[in-house]
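A short write-up of the structure that comes next.
All values reported here derive from a predicted model rather than from experimental measurement.
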Amino acid sequence: MNLSSEFRDPDLCRRVLEQIQHLADSPFRFMEVCGTHTVSIFQSGIKSLLPENISHLSGPGCPVCVTHDLEVNTFLALAKMDLRLATFGDLMRVPGSRGDSLKKVQAEGARVDIVYSAFDALQLAVDNPSENVVFLAVGFETTAPTVAATVKVALKQQVENFFILPMHKLVPPALQALASDPDIRVDGLLLPGHVSTITGIEPFMFLAGDYNLPAVISGFEPLDILQSIQILLRMHKEKTPAVINSYKRAVADQGNPRARKVMQEVFKPVDTAWRGLGDIPGSGLSLRKEYLGFDARRKFEPAPLQPETNTGCKCGQVLKGKILPPQCPLFASVCTPAEPVGPCMVSTEGSCAAFFKYSL
């Protein structure tokens with residue numbers, strides 16, 4: 001038996017489910033804040049196996065989904081300029097305010113390359129010295145250190161045609177905004193395993209300390225998720241809210257100090273806007289002064305369209321757990337994976353896409 005199969009063992013999962021059914025003696029609303037958790041919960045069938053009095057919600061854990069309309073309009077404006085974009089594939093079909101997308105503008109002649117890392121984008125710039133290459137830097141703490149390391153390499157190698165569009169977001173400030181919103185009632189959080197490998201447990205301790213909100217750093221296999229829900233229920237029953245690291249085989253309590261160091265050397269926290277959550281203080285990253293030469297906004301000064309506010313898309317409310325995807329009037333009618341209106345239907349980690357794929 002290897003490690004993965006152990007955490008998918010049906011007998012073990014069944015035993016934990018029995019304990020969950022015993023502990024769930026009143027209604028609970030739990031939220032996961034990682035898109036990989038969202039997909040795993042659907043793929044493994046956990047959502048349908050949980051007792052009816054446990055509601056499980058998807059939060060702002062998909063990096064593409066939380067990318068604000070204005071940021072989407074900014075990279076679409078860049079795509080129409082005389083330069084070359086490098087992006088992760090998930091951003092290709094995210095629609096802007098006028099229905100454009102990278103895929104659409106690419107078909108119209110824009111130069112857009114799908115890459116698998118920031119280093120791939122840097123290599124693209126090195127291989128094409130006559131072109132300006134802009135990497136679309138989305139993601140949370142998980143990807144920001146790699147982008148920071150790439151910028152440091154670009155500076156060291158004096159690559160003058162490589163730029164980034166910083167759109168990174170930090171998870172703890174977003175959870176602070178969620179926890180302090182009186183309209184959002186959740187009884188516990190599954191914290192993101194990937195992000196936690198970088199941050200460690202300390203940045204999440206405020207959830208229990210300030211809001212009496214239990215939270216568990218969870219892995220992604222079915223047994224990981226079920227055990228994390230069991231821990232949340234037990235903390236409620238014993239009235240001992242805490243932040244627990246249940247993913248110790250991958251997440252050290254102190255996180256990855258080396259990754260945080262390179263991230264902090266290149267980036268600084270700034271206020272930024274999240275789709276659905278609005279402006280959140282200190283939740284974004286911008287380049288520090290010595291690296292501003294790599295900032296695509298500063299170099300090319302794109303003029304993005306202002307976001308339209310009445311598209312009918314309820315992605316923002318989905319990200320805050322206020323509604324489930326099928327409660328959006330566009331879900332599965334106007335908005336489908338083939339013709340997405342909002343990013344929650346575009347991304348493979350989006351809750352709307354997961355509901356569509358696994359619930360219909």
Side-chain angles (χ1 to χ4, degrees), residues 1-25 28 30-59 61-63 116 140-143 171 187-205 207-208 214-238 240-256 258-259 348-351 353-355 357-359:
M1 179 180 290
N2 61 38
L3 191 61
S4 293
S5 63
E6 183 177 349
F7 282 88
R8 297 172 186 168
D9 182 85
D11 288 336
L12 289 174
C13 290
R14 192 175 297 112
R15 279 184 239 167
V16 177
L17 262 172
E18 290 173 357
Q19 295 174 33
I20 288 174
Q21 289 165 348
H22 176 71
L23 289 167
D25 54 3
F28 290 97
F30 297 137
M31 173 183 282
E32 86 271 357
V33 284
C34 177
T36 309
H37 280 146
T38 301
V39 174
S40 181
I41 287 170
F42 276 99
Q43 283 181 332
S44 60
I46 286 176
K47 203 172 186 69
S48 61
L49 294 174
L50 290 174
E52 290 184 358
N53 56 354
I54 294 181
S55 300
H56 208 87
L57 309 168
S58 298
C62 161
Y116 295 99
F140 301 121
E141 290 89 337
T142 321
T143 53
V171 172
D187 300 305
L189 295 170
L190 292 189
L191 297 174
H194 295 146
V195 166
S196 301
T197 61
I198 305 299
T199 65
I201 195 171
E202 194 280 332
F204 299 110
M205 298 302 283
L207 292 165
V216 179
I217 297 172
S218 177
F220 301 95
E221 300 295 344
L223 190 59
D224 286 317
I225 295 169
L226 289 171
Q227 286 180 327
S228 297
I229 292 172
Q230 179 196 20
I231 293 170
L232 289 174
L233 289 167
R234 191 173 297 285
M235 285 194 282
H236 268 284
K237 189 174 186 65
E238 296 174 354
T240 54
V243 178
I244 303 293
N245 179 8
S246 181
Y247 194 29
K248 287 185 177 291
R249 68 182 187 277
V251 176
D253 284 352
Q254 72 275 19
N256 186 331
R258 188 176 178 185
T348 55
E349 294 188 341
S351 54
F355 258 87
K357 183 174 181 179
Y358 297 104
S359 300

Between the side chain of [X] and the main-chain N/O of [Y], is any donor-acceptor distance below 3.5 Å?
X: Asp224; Y: Phe7; result: no
X: His37; Y: Gly219; result: yes
X: Asp253; Y: Asn245; result: no

Give the minimum heavy-atom separation between [X] and [Y], together with the two atoms involved.
X: Phe42; Y: Ala354; value: CD1-CB, 3.6 Å
X: Ala24; Y: Pro51; value: CB-CG, 4.3 Å
X: Val33; Y: Gly59; value: CG1-CA, 4.3 Å
X: Ser196; Y: Val251; value: O-CG1, 3.4 Å
X: Gly193; Y: Ile217; value: CA-CG2, 4.3 Å

Can you measure from [atom1] ([X]) to [atom2] ([Y]) and round to the nearest 0.5 angstrom?
X: Ile231; Y: Ser246; atom1: CD1; atom2: OG; answer: 4.0 Å
X: Thr199; Y: Leu191; atom1: OG1; atom2: CG; answer: 8.5 Å
X: Thr38; Y: Phe355; atom1: OG1; atom2: CZ; answer: 9.5 Å
X: Leu50; Y: Ile20; atom1: CG; atom2: CD1; answer: 6.0 Å
X: Phe30; Y: Ile225; atom1: CZ; atom2: CD1; answer: 13.5 Å
X: Leu12; Y: Leu17; atom1: CG; atom2: CG; answer: 11.5 Å

Is it true that Ser351 and Ser58 share a donor-acceptor pair across their side chains at a distance under 3.5 Å?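 Per modelled atom types, Ser58 and Ser351 side chains form no pair under 3.5 Å.
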For the residue pair Glu221 / Ser40, report whether a side-chain donor-acceptor contact shorter than 3.5 Å exists.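 Glu221 and Ser40 do not have a side-chain donor-acceptor pair below 3.5 Å.
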Any side-chain heavy-atom pair from [X] and [Y] closer than 4.5 angstrom?
X: Ile54; Y: Leu233; result: yes
X: Phe204; Y: Val171; result: yes
X: His56; Y: Leu190; result: yes

Evaluation steps, ring pair (Phe, Tyr, Trp, His ring centres under 6.0 Å), between His194 and Phe220: CA-CA 9 Å; His194 295 146; Phe220 301 95; 4.2 Å; yes
Taking the basic N atoms (NZ, or NE/NH1/NH2) and the acidic carboxylate oxygens, is any pair closer than 4.0 Å for Arg14 and Asp9?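 No, no charged N to carboxylate O under 4.0 Å.
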Test side chain to side chain donor-acceptor pair (under 3.5 Å) applied to Gln19 - qualifying residues, sequence neighbours left out: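 Checked Gln19 against side chain to side chain donor-acceptor pair (under 3.5 Å); matches are Gln230.
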Counterpart residues, side-chain contact (heavy atoms from CB on, under 4.5 Å), relative to Ala242 (two or more places apart):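 side-chain contact (heavy atoms from CB on, under 4.5 Å) check on Ala242 returns Met235, Ile244.
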Residues that Ala259 engages under side-chain contact (heavy atoms from CB on, under 4.5 Å), provided they are two or more places apart: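 Applying side-chain contact (heavy atoms from CB on, under 4.5 Å) to Ala259 gives Pro145, Ile198, Asn256.
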Do you know which of Glu238, Lys237, His236 makes side-chain contact (heavy atoms from CB on, under 4.5 Å) with Arg234?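 Looking at Glu238, Lys237, His236, the match for Arg234 under the side-chain contact (heavy atoms from CB on, under 4.5 Å) is Glu238.
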